[in-house]
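Reminder, nothing fancy here: chain letters follow the sequence lines and each chain counts from 1.
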Protein chains: 2
Amino acid sequence: MLHVAEAARVSVATVSALINGTATVSPELSQRIEQAIRDIGYKRNAIARSLKMGTTRTIGLTVPHITNPFFTDVVSVIQQAFDRAGYAVMLCCTDEHLNTQDDQIRLLLDRMVDGLIVARVGDGAILKRIVDDANVPVVLLDRVCQGVDTDAVVLDNQRAVFDAITYLIDLGHRRIGYISGSFDISPMHDRMAGYREALQAAGLPAEPELVRFGNFHEVDGYNATMQLLSLHDRPSAIFSANNPMVIGTMKAIRDIGLSCPEDISVACFDDFPWSDVFRPQLTTVAQPVQAIGEQAANLLLDRLAGNRDAPPRKLTLKGRLMIRNSCRPLGATAQSVSA
Amino acid sequence: MLHVAEAARVSVATVSALINGTATVSPELSQRIEQAIRDIGYKRNAIARSLKMGTTRTIGLTVPHITNPFFTDVVSVIQQAFDRAGYAVMLCCTDEHLNTQDDQIRLLLDRMVDGLIVARVGDGAILKRIVDDANVPVVLLDRVCQGVDTDAVVLDNQRAVFDAITYLIDLGHRRIGYISGSFDISPMHDRMAGYREALQAAGLPAEPELVRFGNFHEVDGYNATMQLLSLHDRPSAIFSANNPMVIGTMKAIRDIGLSCPEDISVACFDDFPWSDVFRPQLTTVAQPVQAIGEQAANLLLDRLAGNRDAPPRKLTLKGRLMIRNSCRPLGATAQSVSA
DNA sequence: AACGCTAATCTAAACGTTTCGATCATGTCA
DNA sequence: TGACATGATCGAAACGTTTAGATTAGCGTT
């Protein structure tokens with residue numbers, strides 16, 4: 001900018017004024033300056049600007065796994081929204097790992113991001129501390145955590161799973177296996193609650209042996225399913241609480257020589273693009289990813305626009321049960337006998 | 001840092017020296033300074049540091065669509081690699097749109113990213129200009145473009161498609177439909193070349209009516225497949241040059257009342273996690289996503305480590321044909337007759 | 001002619017670091 | 001004892017912006 005100023009025989013203040021339109025500058029100087037900018041090929045240094053302004057027009061986004069299709073979609077939507085608004089987004093993947101996550105959030109804050117969208121793992125104590133003294137607006141995505149009282153957009157997980165399990169019960173299933181993610185994130189609590197609620201509403205017992213826990217990965221779903229399928233009185237249906245794990249479920253079913261839905265019904269949380277075209281077409285709980293991403297972006301953009309003091313807003317969206325053909329009615333049809 | 005210096009009754013220079021280990025500071029002062037840092041909760045401002053140092057420890061990554069599973073995986077790998085190396089990554093999605101992409105690259109350069117990984121759309125002229133005068137190392141991902149002579153990691157697309165088409169021919173297919181992405185990116189050229197080469201090697205004619213173009217999206221695959229299937233003498237197999245489009249292909253096959261592989265064989269480029277568990281299990285060309293991501297990251301990290309003047313390196317990796325059961329042998333089996 | 005008002009421009013301080021060279025005490029050697 | 005190397009510490013400039021306030025010029029009023 002100094003060079004531009006010299007070339008145009010004006011002060012840097014005038015150049016700045018012209019570039020930012022913060023003050024009127026005469027047509028004559030404007031022209032000289034614009035010419036100089038072109039000649040020199042000047043580009044404003046956003047870092048220097050950030051330092052002075054205290055704002056980077058950059059936000060941080062942390063998710064556990066970008067390869068989980070739910071997060072893939074949400075990240076995509078959020079990225080687009082901030083792109084439109086002229087913000088850059090720094091992406092971090094925490095791999096569901098607590099320390100990694102805290103490090104990454106610190107890294108983002110060091111870089112002075114203007115805001116943060118966080119799909120949090122673990123409890124919120126540290127997050128709260130980190131964020132409080134950075135004084136940066138945060139919106140929680142997909143997961144709330146106690147102790148952190150900020151904007152959030154989540155799903156009504158309990159209701160969504162309630163609907164799915166009730167659907168299975170209505171089909172005649174009585175023993176329904178449930179594969180949960182680990183309990184240190186809020187949705188897993190709520191989804192489990194939905195499962196229990198549905199059983200209870202139907203007067204079915206909650207059998208501990210039908211509930212398994214995994215760590216969100218395919219292999220966990222595989223192992224859990226293997227265990228469920230080797231039960232003495234095995235379930236006629238399995239519900240998997242997330243998407244990567246259901247792949248493991250399907251692999252286990254295949255490996256054990258059963259088929260879905262003939263021998264066992266399967267449903268899961270999170271829809272994916274292929275669910276319509278391959279067999280079995282999986283019955284899923286679809287999250288409104290577009291809305292989730294947009295709402296999260298809007299909440300943060302609103303804060304960034306200056307609305308800092310409004311009380312925390314928590315948006316709860318509804319899931320949608322996508323009924324396809326991976327669950328069969330029990331009754332006249334041959335119910336699989338215990339192995 | 002000023003506050004820390006005051007609290008510890010030292011100069012800022014000493015604080016900086018201690019933090020960065022750039023000079024020895026006495027145990028006594030070290031302790032005072034560290035105490036002050038803790039008391040104040042001091043965090044170094046990375047923006048100010050970047051301004052002074054001329055490096056941001058941030059890289060830019062642009063891909064067309066993060067929802068394309070190939071890019072999802074590659075982005076994930078790249079993100080992890082730079083995370084390990086202490087770099088942040090800014091992610092942009094260009095939506096295969098040329099102007100968007102140039103804007104985004106400029107945005108990234110304004111923010112003084114230290115390097116760029118680009119899955120480029122369109123020709124390289126502008127990219128070259130932009131990058132030349134920013135003087136930032138660039139590695140091209142998945143796609144090379146003429147005029148830009150930098151590090152790159154790509155697939156041997158021609159060979160990969162050659163293998164896939166040859167496989168179909170060996171199964172007895174003679175009329176093989178080919179759905180290409182638009183030609184403004186290099187891989188689509190090469191894949192088409194592989195298709196033609198395989199036909200030629202088998203002495204089969206290259207029939208223009210069997211080749212369709214789409215714009216990478218599911219809907220394009222759908223439309224292209226509809227056209228292929230309504231040909232007077234319709235193909236017995238279809239190869240789709242990317243993953244989102246093959247979903248469209250499968251939907252079209254379903255909607256028209258055919259089934260795969262009984263009535264028509266399907267194969268495509270890019271593997272995905274579900275390909276193993278649902279029926280039909282799609283025969284695909286799998287790209288070594290892990291290697292691609294790592295190599296790209298390594299090339300850039302090497303440049304960032306100071307190796308600026310080495311000649312451009314171009315890495316070509318091999319695809320792998322994953323044979324499953326979406327393609328059936330023709331012969332004794334009922335070949336679908338023309339509609 | 002003196003005054004004030006407005007518009008255009010400029011000077012200089014600030015943002016929070018890093019780093020070069022200067023300063024100063026201390027110990028070593030001739 | 002003086003000269004000098006050594007090691008620790010500091011002062012101040014620099015990175016490239018923004019911006020408050022000062023300055024200047026032009027112009028209409030009284």
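- With 3.5 Å as the limit, one finds no donor-acceptor pair spanning the side chains of A:Asn135 and A:Arg308.
- Closest approach of B:Ile130 to B:Leu109, counting heavy atoms only: CG2-CD1, 3.1 Å.
- Considering only the side chain of A:Thr14, C:dT9 comes nearest among C:dT9, D:dG11, C:dA12.
- Side-chain atoms of A:Arg111 and B:Thr58 include a donor-acceptor pair closer than 3.5 Å.
- The residue among B:Glu28 and B:Ala48 whose nearest nucleotide of DNA chain D is located toward the 5' end is B:Glu28.
- Between the side chains of A:Asp39 and A:Gln35, a donor-acceptor pair is found at a separation under 3.5 Å.
- Closest to the side chain of A:Thr24, from the set C:dA8, C:dT18, D:dA8, is C:dA8.
- Distance from the side chain of A:Met53 is smallest to D:dT19 among D:dT9, D:dT19, D:dC15.
- For A:Arg49, the listed nucleotide lying nearest its side chain is D:dT18; candidates were D:dT18, C:dG16, C:dA8.
- Listed candidates were D:dT18, D:dA12, C:dT17. Nearest to the side chain of B:Arg44 is C:dT17.
- Comparing C:dC10, D:dT19, C:dT19 against the side chain of A:Thr22 picks out D:dT19 as the nearest.
- When each of C:dA8, D:dT17, D:dT19 is scored by its nearest atom to the side-chain atoms of A:Ser16, the top-ranked nucleotide is D:dT19.
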